[in-house]
Amino acid sequence: GDYLAWSTYQNFNQLQQGRVRVPLVKSREDDSNRNGQSDALHVTIQVPLLDTEEVYSVDLLLFFEYKLYIFSAFTMECLAYIQHASPLPGADLTVAGDLRLQQKYPLGHTGRDNRFNTPIIDSTSIFPSAYDLRTVFDSYSGRNVSTNFVSHYPVWRTGRGTGQPFVISATVRYPEETILYKPGFWQLIKWGWVQYVSILLVFLFIFDRIKTFVFENQILNTIVDSPVKKLKQG
């Protein structure tokens with residue numbers, strides 16, 4: 001069937017010609033725990049429609065800059081893909097989910113890793129194949145590190161009123177992740193020393209208690225040798 005489209009990429013819009021429909025986009029990020037880092041992105045997109053037009057499916061791509069600072073200096077461009085379809089014409093779509101990290105191999109610990117800090121879509125291209133979702137997803141899924149938007153409860157509402165736009169409301173949360181990386185030599189030494197010291201302290205404490213118990217309860221035969229007494233006798 002027919003479709004409407006819009007993008008922040010000018011060349012893509014030019015390829016769509018009469019199918020372009022410019023929406024009203026509002027976005028904000030939240031820092032719910034006040035640690036100076038964003039925890040979620042809230043996006044609202046209002047697509048103006050004619051009363052004769054109806055929406056049965058949505059494909060939305062949101063692009064992010066993903067950065068790691070500690071242990072591994074890593075930067076990449078990643079995306080969240082939101083898709084939903086219904087047999088009934090919709091008035092709005094509401095989704096909420098997590099942007100999860102996908103790793104195939106551990107990251108390095110030295111230098112800056114910018115292997116995937118390149119545009120996922122070549123916005124300078126004037127060829128339709130560069131914007132084909134099959135091509136985009138095939139290339140993106142082949143990367144060693146990527147992201148995946150996980151949402152289990154999309155809400156599709158029907159009954160759009162006369163003159164009303166189709167509204168997309170999306171909440172993309174940034175959850176804590178477990179990052180796999182290859183530690184360096186000094187990191188291994190430091191971690192080994194921490195483990196050694198912690199075990200040593202426990203051992204010394206237990207050994208001291210055992211020694212005190214043995215001598216106080218005279219479990220073993222002992223002889224008290226007084227060098228002061230011998231000195232006087234001499």
Side-chain angles (χ1 to χ4, degrees), residues 1-32 38-66 76-100 118-141 146-175:
D2 204 358
Y3 66 91
L4 298 175
W6 179 79
S7 172
T8 55
Y9 300 146
Q10 186 62 32
N11 286 339
F12 173 82
N13 293 335
Q14 291 179 354
L15 289 170
Q16 302 307 312
Q17 299 180 356
R19 295 190 179 93
V20 173
R21 189 68 55 85
V22 180
L24 174 62
V25 181
K26 298 179 181 179
S27 66
R28 62 180 175 87
E29 286 187 310
D30 283 344
D31 180 12
S32 57
S38 299
D39 298 308
L41 170 70
H42 303 276
V43 179
T44 301
I45 303 174
Q46 299 180 10
V47 183
L49 296 175
L50 301 177
D51 291 339
T52 56
E53 295 175 329
E54 294 180 332
V55 178
Y56 290 92
S57 66
V58 172
D59 289 272
L60 174 64
L61 274 71
L62 300 174
F63 297 90
F64 299 84
E65 184 182 45
Y66 202 108
M76 71 171 176
E77 181 177 273
C78 61
L79 66 82
Y81 175 53
I82 299 173
Q83 194 277 338
H84 188 78
S86 173
L88 301 176
D92 58 66
L93 171 65
T94 302
V95 294
D98 297 334
L99 187 67
R100 305 311 305 251
T118 56
I120 297 174
I121 297 178
D122 182 10
S123 60
T124 63
S125 177
I126 59 174
F127 300 102
S129 58
Y131 306 96
D132 191 320
L133 293 184
R134 293 170 298 180
T135 303
V136 172
F137 293 151
D138 180 67
S139 174
Y140 186 67
S141 62
S146 60
T147 54
N148 181 33
F149 180 70
V150 180
S151 175
H152 300 290
Y153 309 107
V155 178
W156 179 270
R157 294 199 307 174
T158 60
R160 184 172 61 89
T162 302
Q164 296 298 312
F166 181 84
V167 181
I168 304 172
S169 300
T171 298
V172 182
R173 292 184 293 267
Y174 314 140

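- At least one side-chain heavy atom of Ile45 sits under 4.5 Å from a side-chain heavy atom of Leu60.
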Note to self: Between Ile121 and Phe12, does the side chain to side chain contact (heavy atoms under 4.5 Å, CB included) criterion hold? Intermediate values first, please.
What the structure shows: CA-CA 10 Å; Ile121 297 178; Phe12 173 82; over 6 Å; no
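- Checking side-chain atoms of Asn13 against main-chain N and O of Ser7 turns up a donor-acceptor pair under 3.5 Å.
- Considering only residues two or more places apart in sequence or on other chains, Thr158 meets the side chain to side chain contact (heavy atoms under 4.5 Å, CB included) condition with Leu88, Trp156.
- Every residue two or more places apart in sequence or in another chain was checked for a side-chain hydrogen bond (donor to acceptor under 3.5 Å, both in side chains) with Tyr131, and none qualifies.
- In terms of the ring pair (Phe, Tyr, Trp, His ring centres under 6.0 Å) criterion, Tyr56 has no residue partners (sequence neighbours excluded).
- Applying the salt bridge (Lys or Arg N to Asp or Glu O under 4.0 Å) rule to pairs touching residues 39-50 yields nothing, sequence neighbours excluded.
- No side-chain donor-acceptor contact under 3.5 Å links Asn148 to the backbone of Arg100.
- In this structure, Gln17 has no side chain to side chain contact (heavy atoms under 4.5 Å, CB included) partners at least two apart in sequence or on a different chain.
- For Ser27, the side chain to side chain contact (heavy atoms under 4.5 Å, CB included) partners two or more places apart in sequence, or in a different chain, are Leu41, Val43.
- Pairs of residues two or more places apart, or lying in two chains, that qualify as salt bridge (Lys or Arg N to Asp or Glu O under 4.0 Å) and include a residue from residues 121-136 are Asp132-Arg134.
- Checked by atom type and distance alone, the side chain of Ser141 pairs as donor or acceptor with a backbone atom of Asp138 at under 3.5 Å.
- Remark: the backbone N or O of Ala96 is paired with a side-chain donor or acceptor of Ser151 at under 3.5 angstrom.
- Checking side-chain atoms of Glu77 against main-chain N and O of Ile120 turns up a donor-acceptor pair under 3.5 Å.
- Here the side chains of Phe166 and Leu4 are not in contact, with every heavy-atom distance at 4.5 Å or above.
- Scored by the salt bridge (Lys or Arg N to Asp or Glu O under 4.0 Å) test, Glu53 finds Arg21 as partners (sequence neighbours excluded).
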Note to self: Applying side chain to side chain contact (heavy atoms under 4.5 Å, CB included) to Leu62 and Leu99, what does each step give before you reach the verdict?
What the structure shows: CA-CA 11 Å; Leu62 300 174; Leu99 187 67; over 6 Å; no
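- Residues satisfying the side chain to side chain contact (heavy atoms under 4.5 Å, CB included) criterion with Ser38, sequence neighbours excluded, are Glu29, Tyr174.
- Taking Gln16 as the reference, Tyr3 meet the side-chain hydrogen bond (donor to acceptor under 3.5 Å, both in side chains) condition, with sequence neighbours excluded.
- Ring centers of Tyr81 and Tyr140: at least 6.0 Å apart, outside the cut-off.
- Among pairs with a residue in residues 147-174, those fulfilling salt bridge (Lys or Arg N to Asp or Glu O under 4.0 Å) read Asp92-Arg157, Asp98-Arg173, at least two apart in sequence or across chains.
- Taking Asp59 as the reference, nothing meets the salt bridge (Lys or Arg N to Asp or Glu O under 4.0 Å) condition, with sequence neighbours excluded.
- Of the N and O atoms on the side chains of Ser146 and Tyr66, not one donor lies less than 3.5 Å from an acceptor on the other residue.
- In this structure, Asp51 and Gly163 approach most closely via the heavy-atom pair OD1-N, 2.8 Å.
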